[in-house]
Q: 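First the structure, then my questions, so here it is.
Lettering follows sequence order; numbering is per chain, from 1. Both backbone and side-chain heavy atoms feed into the values below; hydrogens, waters and symmetry mates do not. Here the structure is a predicted model, which means the values were calculated and not measured.
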Amino acid sequence: MARKHYLWKHWPIYSMILPGLLFFILFRYIPIAGSIIAFQDYNVFSGVLGSKFVGFKHFVNLFMYPEFYRILRNTILISLYQLVFGFPAPIVLAILLNEVRKMVFKRTIQTVIYLPHFLSWVIVGGLVINALSPNYGIVNSMLSSFGFQKIFFLQEPQFFRSIIVVSGIWKEIGWGTIIYLAALANVNPELYEAAEVDGAGKFRQVISITLPALLPTIMVLLLLRIGNFLDLGFEQIYILLNPLVKETGDIIDTYIYDVGLLGSQFSYTTAIGMFKSVVGLILIVGANQISKKLTGNSLY
Amino acid sequence: MIRMHASRQWFISINYIFLTIVGLVMLLPFVNILAGSFSGGNAILQGRVTVFPVEFTLSNYESVFNNAAIWKSFSVTIFLTVVGTLIDLLFTSLMAYGLARKELKGRTFFILLVLFTMIFPAPIIPSYLLIKSLGMLNTLWALIIPGLISAFNLIIMVSFFQAIPEGLIEAARIDGSGEYRTYWSIVLPLSMPSLTTVGLFYAVGHWNGYFSAIMYLRDPGLYPLQVKLRQLLIASDATNVMQSVQMTMQSVEGIKMATIIVATLPVLVIYPLIQKHFIKGAMLGSVKG
């Protein structure tokens with residue numbers, strides 16, 4: 001009774017979150033529930049409610065297709081390279097920027113390095129193609145001026161993953177520094193002065209003062225990154241993907257789009273998507289548990 | 001002591017040089033395209049263009065501006081960006097205002113409901129089937145409605161609204177202002193910096209959007225700029241896109257570069273104006289998210 005009264009009194013506030021709530025339920029939770037078609041032989045005419053249930057058939061098939069291991073391997077490898085090279089890159093850059101005392105210089109560099117974040121992946125893809133062009137690209141001009149052969153980078157499977165990782169770092173490294181710079185701005189300058197008096201060099205100061213100050217931020221971002229381990233940006237990869245490099249470049253999301261959406265294999269690819277989501281959830285819960293034990297930092 | 005001083009100087013110089021190189025690496029690909037867009041086709045193909053135009057010409061831009069298909073996709077994107085951003089802001093700020101009020105019982109639950117969608121995104125195929133069953137396939141609404149509220153932007157707005165002094169809202173209530181009026185005439189006008197930040201994130205998202213377009217649209221007449229751009233820049237059917245232009249092999253690359261510049265110009269123009277706003281938003285979002 002009291003609850004009803006409360007709602008009645010504050011109904012305007014509840015009515016304000018209602019449209020948003022309906023949005024999240026309809027466009028975020030209903031599709032998650034719609035993953036049920038992974039257990040059906042989904043048929044467009046019968047719909048989700050009328051299609052026949054087939055149990056774990058698609059999941060069993062999944063693990064028997066060599067294709068599945070190819071896209072899983074590509075996804076894991078690209079994600080791993082991004083984690084190893086792309087994750088520390090903004091940390092290093094932020095530490096270096098933090099050492100700059102000339103404010104005009106610092107701000108100019110910041111303005112320039114944040115910019116690529118606002119370019120679309122299509123534009124970045126265009127820039128990559130331009131830079132790697134065998135005819136007039138800057139990379140091949142440099143190679144040939146050193147006497148090397150020209151390389152068709154975007155048609156060679158062995159270069160695809162590196163191109164993705166490097167262009168990803170190029171686009172997002174600057175944006176990534178923002179949060180670390182904010183954490184560094186809170187460090188008490190007296191710590192550095194005291195270290196200086198004690199004779200600690202720059203490197204020692206970074207190890208003993210800067211990194212510990214960044215650790216909580218690093219841990220939170222690392223946990224989120226691990227939770228999204230199998231979620232690579234679809235756009236970045238799809239834009240540069242071509243038949244010649246599918247062997248190394250086709251990932252879970254591009255495969256779901258090509259085979260599932262364009263090829264209408266709805267149930268089978270939804271099973272792949274579900275596999276991805278569940279692995280992501282396990283990873284984030286597991287990583288959070290480990291982090292809580294080891295460093296005391298956790299997401300929840 | 002003297003040796004330590006020298007090593008400090010050494011570190012500082014290396015640091016400045018390194019950061020300058022990083023800055024140049026960010027700018028060079030773009031400057032190269034800018035120079036190419038004003039250069040003759042032969043100069044580009046022979047690799048003679050680096051940072052300054054060679055055989056200066058405006059013909060690349062003329063071809064872009066005379067191309068009906070590109071104009072069409074431009075107008076689609078402008079529509080999506082303007083209308084989409086306004087609707088996004090309205091729904092996001094309304095929900096954020098509600099979630100920021102401590103009178104709302106079950107706040108934590110509602111916020112968790114939103115946060116969960118960030119680590120468990122809506123799967124591709126069921127989303128597509130949902131849009132299809134709602135009859136939104138092949139309409140521009142499919143590019144607006146499913147992205148109405150971004151969890152990330154919502155959380156940013158909630159934190160901004162929570163920073164507004166409680167007393168202000170209290171005073172409005174005592175003066176007889178209802179929740180909707182407080183939201184519209186007191187909180188929103190006070191929140192211009194946050195509306196600008198979040199509005200920028202939404203606008204850039206609409207301007208740069210590509211995935212939802214290739215997911216939900218099949219009619220080339222509806223394609224927004226980024227889809228047209230991709231066809232032009234990357235797929236081999238560049239000649240189809242530019243079919244209305246008399247095109248020789250030499251001019252293709254210059255036209256591609258001019259298109260990149262034209263498509264990026266709006267972002268480049270607003271970027272310096274709003275730079276100081278978005279940094280705050282990016283920090284809030286990452287910390288709370």
Side-chain angles (χ1 to χ4, degrees), chain A residues 6 10 12-13 16-17 19-21 23-24 27-28 30-32 34-35 37 93 96-97 99-100 109 111-113 115-116 118-123 125-127 129-131 135-136 138 141 174-175 178-179 182 201-202 227 234-235 239 256-257 260-261 266 269-270 273-274 277 280-281 284, chain B residues 4 7-8 11 15 18-19 22-23 26-27 29 32-33 44-45 47 91 94-95 97-99 101 103-105 110 113-114 117 119-130 146 148-149 178-180 204 208 210-211 215 226 229-230 233-234 256 260 263-264 267 271 275 279 282-283 286:
Chain A
Y6 190 87
H10 291 288
I13 297 182
M16 285 168 141
I17 68 160
L21 222 48
F23 165 80
F24 277 100
F27 291 102
R28 297 294 179 265
I30 290 197
I32 293 176
S35 294
I37 65 170
L93 190 56
L96 294 179
L97 267 173
E99 294 297 331
V100 173
I109 295 291
T111 304
V112 171
I113 62 176
L115 187 60
F118 293 96
L119 304 179
S120 73
W121 281 115
V122 178
I123 298 280
L127 296 179
I129 289 172
N130 182 65
N135 301 318
Y136 50 84
I138 194 156
S141 320
W175 189 250
I178 292 181
I179 183 152
K202 264 276 122 45
F234 168 90
E235 292 190 0
I239 277 159
I256 293 178
Y257 178 80
L261 206 148
F266 296 131
T269 51
T270 301
M274 204 165 168
S277 305
L281 206 59
I284 201 164
Chain B
M4 211 176 80
S7 87
R8 174 100 2 113
F11 166 80
N15 194 18
F18 178 76
L19 289 175
V22 171
M26 296 289 155
L27 276 184
N32 181 238
I33 297 266
I44 300 174
L45 285 184
F91 279 87
L94 195 64
M95 188 179 189
Y97 177 82
L99 288 177
R101 300 300 312 269
E103 286 90 344
L104 185 88
K105 275 193 181 163
F110 294 128
L113 205 74
V114 170
T117 65
I119 55 167
F120 207 97
I124 298 174
I125 300 294
S127 299
Y128 168 80
L129 294 174
L130 172 73
L148 208 55
I149 302 177
E179 292 291 348
Y180 279 92
V204 169
N208 288 342
Y210 171 74
F211 185 37
M215 227 170 124
Q226 301 298 336
L229 263 180
R230 195 213 175 218
L233 296 179
I234 294 158
K256 284 182 179 179
I260 291 185
T264 321
V267 179
Y271 172 73
Q275 201 198 342
I279 292 177
M283 270 155 44
S286 337

Q: Minimum heavy-atom separation for B:R101 to A:I13, with atom names?
A: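 So the two residues come closest at CB-CD1, 4.0 Å.
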
Q: Decide if the gap between the ring center of B:Y271 and the ring center of A:F118 is smaller than 6.0 angstrom.
A: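 Centroid distance B:Y271-A:F118: below 6.0 Å, so yes.
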
Q: Let me know if A:F266 has heavy atoms under 4.5 Å from chain B in its side chain, its backbone, both or neither.
A: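 For A:F266, heavy atoms of backbone and side chain both lie under 4.5 Å from chain B.
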
Q: Going from CG on A:L127 to CG on B:L233, what distance comes out if it is rounded to the nearest 0.5 angstrom?
A: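 Separation between the atoms: 9.0 Å.
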
Q: Who among B:P29, B:P123, B:P121 has the most heavy-atom pairs with chain A under 4.5 Å?
A: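 When all of B:P29, B:P123, B:P121 are compared, B:P123 has the most.
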
Q: Can you tell if the side chain of A:F23 reaches within under 4.5 Å of the side chain of B:M95, non-hydrogen atoms only?
A: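 No. Closest side-chain heavy atoms not under 4.5 Å.
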
Q: Flag the one option from A:G280, A:S35, A:G174 with the top tally of heavy-atom pairs under 4.5 Å to chain B.
A: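 Greatest number of close heavy-atom pairs with chain B: A:S35.
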
Q: Please list, chain by chain and in numerical order, all residues satisfying side-chain contact (heavy atoms from CB on, under 4.5 Å) with B:A122, sequence neighbours excluded.
A: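 B:A122: side-chain contact (heavy atoms from CB on, under 4.5 Å) contacts with A:R28, A:P31, B:S127.
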
Q: Name the member of A:L119, A:L115, A:I129 that forms the most heavy-atom pairs with chain B at distances under 4.5 Å.
A: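 Looking at each of A:L119, A:L115, A:I129 in turn, A:L115 comes out on top.
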
Q: Name the option with the most non-hydrogen atom pairs under 4.5 Å to chain A; the candidates are B:T117, B:N208, B:N32.
A: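 Maximum pair count with chain A is reached by B:N208.
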
Q: Non-hydrogen atoms of chain A under 4.5 Å away: do they reach the side chain of B:F211, the backbone, both or neither?
A: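 Its backbone and side chain both get close to chain A.
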
Q: Would you mind telling me which of B:L130, B:I124, B:L19, B:V204 has the largest number of heavy-atom pairs within less than 4.5 Å of chain A?
A: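 If we count pairs closer than 4.5 Å to chain A, B:L19 comes out on top.
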
Q: Is B:Y210 close to chain A through its backbone or its side chain, or both, or neither, when contacts mean heavy atoms under 4.5 Å?
A: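 Contact with chain A is through both the backbone and side chain of B:Y210.
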
Q: Using heavy-atom distances under 4.5 Å, tell me whether B:L113 contacts chain A through its side chain, its backbone, both, or neither.
A: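 Contact with chain A: backbone and side chain both.
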
Q: Checking heavy atoms, do the side chain of A:I113, its backbone, both or neither come under 4.5 Å from chain B?
A: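 Interface part for A:I113: both.
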
Q: Working to the nearest 0.5 angstrom, can you tell me the gap between A:I109 CD1 and B:F18 CZ?
A: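 One finds 10.5 Å between CD1 of A:I109 and CZ of B:F18.
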
Q: Going from CD1 on A:I239 to CD on B:Q226, what distance comes out if it is rounded to the nearest 0.5 angstrom?
A: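 Between atom CD1 of A:I239 and atom CD of B:Q226 there are 8.0 Å.
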
Q: Side-chain contact, heavy-atom cut-off 4.5 Å: A:N130 with B:I260?
A: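 A:N130 vs B:I260: side chains apart.
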
Q: If I take atom CZ from residue B:F120 and atom CD1 from residue A:I32, how far apart are they, to the nearest 0.5 angstrom?
A: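 These two atoms lie 5.5 Å from each other.
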
Q: Tell me, for A:T111 versus chain B, whether the close heavy atoms (under 4.5 Å) come from the side chain, the backbone, both or neither.
A: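 Answer is both: backbone and side chain atoms of A:T111 are under 4.5 Å from chain B.
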
Q: Quick one: what part of A:L96 sits under 4.5 Å from any heavy atom of chain B, side chain, backbone, both or neither?
A: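 For A:L96, backbone and side chain are both near chain B.
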
Q: Given the options A:P12, A:A131, A:G260, A:S141, which has more heavy-atom pairs under 4.5 Å with chain B than any of the others?
A: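 Winner by heavy-atom pair count: A:P12.
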
Q: Could you tell me which portion of B:Y128 (side chain, backbone, both or neither) has an atom closer than 4.5 angstrom to a non-hydrogen atom of chain A?
A: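 For B:Y128, the contact with chain A is made by the side chain alone.
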
